[in-house]
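Remarks on the structure that follows.
It should be emphasised that the depicted structure is a prediction, and the values quoted were computed from it without experimental measurement. Below, chains carry the letters A, B, ... as their sequence lines are ordered, and counting in each starts from 1.
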Amino acid sequence: MSDSLVIVENVSKKFCRSLRQSLWYGVKDLGSEMIGRQKNNETLRDNEFWAVRGVSLSVKRGETLGLIGHNGAGKTTLLRMLNGLIKPDQGRIEIKGRMQALIALGAGFNPVLSGRENIYINASVLGFSKSQIDGLYDQIVDFSGLEEFIDMPVQSYSSGMAVRLGFSVAAHLEPDILLVDEVLAVGDLAFKTKCQTRIQDLRDCGVAIILVSHNLHTISHVCNRAITFEKGRVIFEGDTDQAIDAYRESLMEQFDGAEDALRIGTGEIKIDRVELLGQDTSVQDDFGVRDPLKIRIHYTVNETVVNPVFNLTIEILNSYQVTGFRTDVDGHPLGTISQDGYIDINIPNLNLLPNMYTLDAVIFHQDGYTYYDRVNKIAHLKVKGGLLINGFAYIPHAWEFSEA
Amino acid sequence: MNQEESAKIIIYTPESQIRTPRKLIRSMWNDLKDSRELAWRLFIRDLSAQYRQSLFGVLWAFAPPIITSLIFIVLNSRNVINFGETDIPYPVFVLIGTLLWQIFTESLNAPLKSVTAAKPLLVKVNFTHEALIISAIYLVLFNTLIKLIIMLGVVIVFKIPLTWGLLLALLPILGLIFLGICIGLLLTPIGMLYTDVTSSLPIATQLFFFVTPVVYPVPNTMPFSLIALINPVSPLLNAARDLIVKGTMSNLIPFLVVSALTFIFSFIAWVIYRLALPIIIERISA
């Protein structure tokens with residue numbers, strides 16, 4: 001007898017790109033559902049695509065499974081099928097025990113009614129009886145930290161407060177299986193910590209958890225196992241860190257190559273390519289923390305230019321800028337340039353934590369803001385290693401221990 | 001956690017539930033039981049929210065039928081329109097008729113209105129969908145209660161003799177409510193997909209109003225007597241009105257036929273609603 005609380009076998013789901021067609025297919029599906037006709041689920045109709053394709057997984061008691069993949073990879077659709085909101089087009093899903101979804105926080109809230117009334121409504125929607133809620137009411141209010149506002153109408157709450165109330169209700173209803181979709185991203189830091197602790201407590205009680213998050217750090221810390229999705233299919237299943245690597249590679253494929261659509265500039269001098277060179281000046285893709293790195297920007301000249309400004313920025317893949325380099329800020333005038341060539345940035349120690357980074361390169365006019373040329377995501381850089389520390393900067397340091 | 005509940009196994013597959021009818025009916029019954037408390041809470045929520053944001057509150061429940069009645073009373077007394085003789089004072093006839101008609105239209109609109117309002121909830125939370133319909137029925141019953149009080153007022157003011165028919169009238173009134181809910185529920189699945197249903201419903205109701213003997217007595221001559229024959233609302237409405245003002249009712253057979261059909265079709269509408277919702281949720285949230 002297996003101890004799996006969630007078993008998903010070869011599940012697929014199709015979606016339609018056009019709303020009008022989608023509604024019409026809905027009417028047709030309604031028809032075949034009514035007469036109980038076996039639908040032809042194997043073929044795609046016009047304008048349809050597989051949102052989830054042939055996914056199998058299982059989650060045991062006390063296990064936390066992470067789902068990763070970029071937007072539209074099918075994670076949320078899968079969660080919605082697990083939650084019983086929509087039926088799979090193929091395959092089979094088996095759920096053992098009570099399921100709770102931390103997806104729509106504050107479901108059923110009515111803005112005119114007070115926080116107190118809404119706690120009861122919300123818990124009712126989530127399937128709990130009045131007596132059960134009575135017993136948990138004080139704990140819920142206490143957890144939310146909203147005692148003094150509890151009799152005010154919810155419409156006067158800030159959005160953060162409303163979500164806190166919603167989370168507090170959902171988190172106190174004890175499920176066997178918990179689905180979590182990106183909710184940890186709300187609230188202030190103190191509340192976030194509370195939420196994470198609560199989820200860990202539930203896991204320790206033997207709750208099976210399925211977690212969707214774009215915060216890879218959360219995934220790597222909370223999950224025992226992870227699954228990487230790409231275009232509705234599972235491309236990796238297993239160890240969390242390896243799953244994250246698989247996700248990064250799939251992202252990389254999507255982002256590989258410069259984004260030509262965003263390329264702008266007057267064009268007198270153009271960026272040809274950017275190379276990343278290792279210690280022995282050979283081209284290299286992945287580096288370790290604190291490795292030496294030389295970034296070489298190749299340019300081609302169409303017309304002689306005077307004092308162009310070179311700029312290179314490093315971004316976390318798909319996210320914010322980490323740092324950048326500018327010749328003008330560094331006080332490095334380049335003079336007149338009339339021939340093709342390259343310029344190097346020498347970095348003795350690459351003090352970035354393991355992650356995937358992308359590079360943007362820009363050449364400005366002398367004024368420092370008119371573009372000669374700008375190429376986004378001209379290269380990418382992988383810093384190897386596990387995701388053990390949250391953040392992106394490695395600061396050289398040493399520990400010293402002494403007994404007073 | 002709770003061992004008893006852990007034993008509960010749910011399975012989702014693409015097969016239509018209609019292929020396993022016995023299982024379907026069992027789960028319908030269970031969900032009906034499970035949804036009672038939620039339905040009550042949703043009803044209380046809607047009611048308190050409605051009255052908390054309104055100065056005149058209950059007044060809005062009976063203003064529309066009274067105004068409609070007044071219009072017809074004035075038109076009739078000035079001989080602008082003449083519907084022929086009614087065997088009871090025309091104002092009583094119209095007032096009771098419009099109030100009963102209002103009960104029917106409210107019931108007709110209730111399911112789609114309730115389910116549409118719950119759209120954000122439907123696409124995100126899995127709960128027993130029967131609760132939406134039951135809470136809609138509660139709301140209709142509550143509004144009907146207010147209308148019954150007005151009807152009682154009308155009967156007393158116009159010195160109509162009080163009979164046991166007043167109590168018996170509750171049966172055809174329940175019939176009106178369930179006929180309305182039944183038609184409304186049949187329209188709900190398509191109405192969730194296409195807004196055309198919501199847009200056309202007021203127009204259709206208006207037309208329906210004129211082919212139902214609300215403000216005029218049932219015509220005796222062909223082809224107008226067909227109104228009473230084909231229109232399912234008219235036997236129920238007439239039975240209720242007759243019982244209230246005269247204490248007896250004349251046509252038992254059509255009333256029983258419509259009641260039986262309402263019962264059967266309500267069940268069918270419920271099955272359709274149940275089968276349709278997962279498909280609709282998929283389409284409205286994609």
Side-chain angles (χ1 to χ4, degrees), chain A residues 5 11 13 15-16 19 22-27 29-30 32-39 41 51 80-99 101 103-104 107-108 110-113 117-118 120-121 124-127 129-130 153 174-176 205-207, chain B residues 1-21 34-35 37-42 44-46 48-53 118 120-128 131 189-190 192-194 268 271-272 274-286:
Chain A
L5 297 186
V11 160
K13 182 81 209 166
F15 274 155
C16 181
L19 177 66
S22 169
L23 292 178
W24 183 239
Y25 291 151
V27 174
D29 289 351
L30 265 179
S32 27
E33 178 84 11
M34 290 314 144
I35 57 173
R37 197 179 60 188
Q38 206 73 46
K39 278 175 286 186
N41 280 333
R80 295 179 68 214
M81 282 192 280
L82 290 175
N83 201 5
L85 292 170
I86 55 180
K87 283 170 65 164
D89 280 331
Q90 288 180 341
R92 182 173 182 280
I93 297 172
E94 188 177 324
I95 308 284
K96 291 183 196 160
R98 188 191 259 286
M99 165 156 318
I103 295 175
N110 185 302
V112 181
L113 303 181
E117 288 166 301
N118 274 311
Y120 279 92
I121 295 166
S124 238
V125 169
L126 300 176
S129 70
K130 183 170 182 306
E174 296 184 338
D176 299 299
C205 294
V207 177
Chain B
M1 313 232 110
N2 192 328
Q3 280 307 311
E4 193 188 332
E5 269 180 331
S6 307
K8 202 173 127 193
I9 297 181
I10 310 168
I11 291 169
Y12 302 114
T13 56
E15 275 75 48
S16 168
Q17 291 177 68
I18 209 142
R19 295 171 80 91
T20 46
D34 290 348
S35 63
E37 187 171 335
L38 175 58
W40 182 254
R41 204 154 277 293
L42 291 177
I44 296 292
R45 176 194 73 173
D46 294 342
S48 29
Q50 184 185 332
Y51 286 109
R52 206 163 293 180
Q53 240 189 342
L121 204 59
L122 280 170
V123 299
K124 287 194 171 143
V125 187
N126 190 2
F127 60 103
T128 43
I190 295 295
M192 289 293 287
L193 290 179
Y194 292 103
I268 295 175
V271 172
I272 294 177
R274 219 187 136 80
L275 297 181
L277 267 187
I279 294 172
I280 287 161
I281 288 169
E282 176 186 334
R283 297 297 163 182
I284 56 180
S285 55

Hey, mind stepping through A/S22 and B/R283 against side chain to side chain donor-acceptor pair (under 3.5 Å) and telling me if it holds? CA-CA 6 Å; A/S22 169; B/R283 297 297 163 182; 3.2 Å; yes
Decide yes or no on side chain to side chain contact (heavy atoms under 4.5 Å, CB included) for A/R80 and B/I281, but give the supporting numbers first. CA-CA 10 Å; A/R80 295 179 68 214; B/I281 288 169; 3.9 Å; yes
Going through the checks in order, is the side chain to side chain contact (heavy atoms under 4.5 Å, CB included) test met by B/Y12 and A/R92? CA-CA 6 Å; B/Y12 302 114; A/R92 182 173 182 280; over 6 Å; no
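Checked for salt-bridge contact, A/K87 and B/E15 miss the test: no charged N lies under 4.0 Å from a carboxylate O. Under a 4.0 Å N-O distance rule, the pair A/E117/B/R52 qualifies as a salt bridge.
If you measure heavy-atom distances from B/V123 to chain A, the contacts under 4.5 Å come from both the backbone and the side chain. Residue contact with chain B, scored on non-hydrogen atoms closer than 4.5 Å, involves the backbone of A/M81 exclusively. Within the 4.5 angstrom heavy-atom criterion, atoms from both the backbone and the side chain of B/L275 approach chain A. Contacts of A/E94 with chain B are made by both backbone and side-chain atoms, with heavy-atom separations under 4.5 Å. Looking at B/R45, the atoms closer than 4.5 Å to chain A (heavy atoms on both sides) sit in the backbone and in the side chain alike.
Remark: B/L122 CG to A/L85 CG distance equals 9.0 Å, nearest 0.5 Å. Atom CG of residue B/L121 and atom CD1 of residue A/I121 lie 10.5 Å apart, to the nearest 0.5 angstrom.
Between A/I95 and B/I9, every side-chain heavy-atom pair lies at or beyond the 4.5 Å cut-off. Using a 4.5 Å cut-off on side-chain heavy atoms (C-beta onward), B/P189 and A/L30 make contact.
Between B/I279 and A/D29 the shortest heavy-atom distance is CD1-O, 3.8 Å. Of all heavy-atom pairs between A/V27 and B/Y194, the closest is CG2-CE1, 3.6 Å.
A donor-acceptor distance shorter than 3.5 angstrom exists from the side chain of B/E37 to the backbone of A/K130, with no hydrogens or angles considered.
Ranked by heavy-atom pairs under 4.5 Å with chain A, the list B/L277, B/I280, B/I272, B/I190 is led by B/I272. For the set A/L113, A/L5, A/I35, the entry with the most heavy-atom pairs within less than 4.5 Å of chain B is A/L113.
Checked against A/V125 for a side-chain contact (heavy atoms from CB on, under 4.5 Å), the options B/N126, B/L38, B/T128 give a single hit: B/L38.
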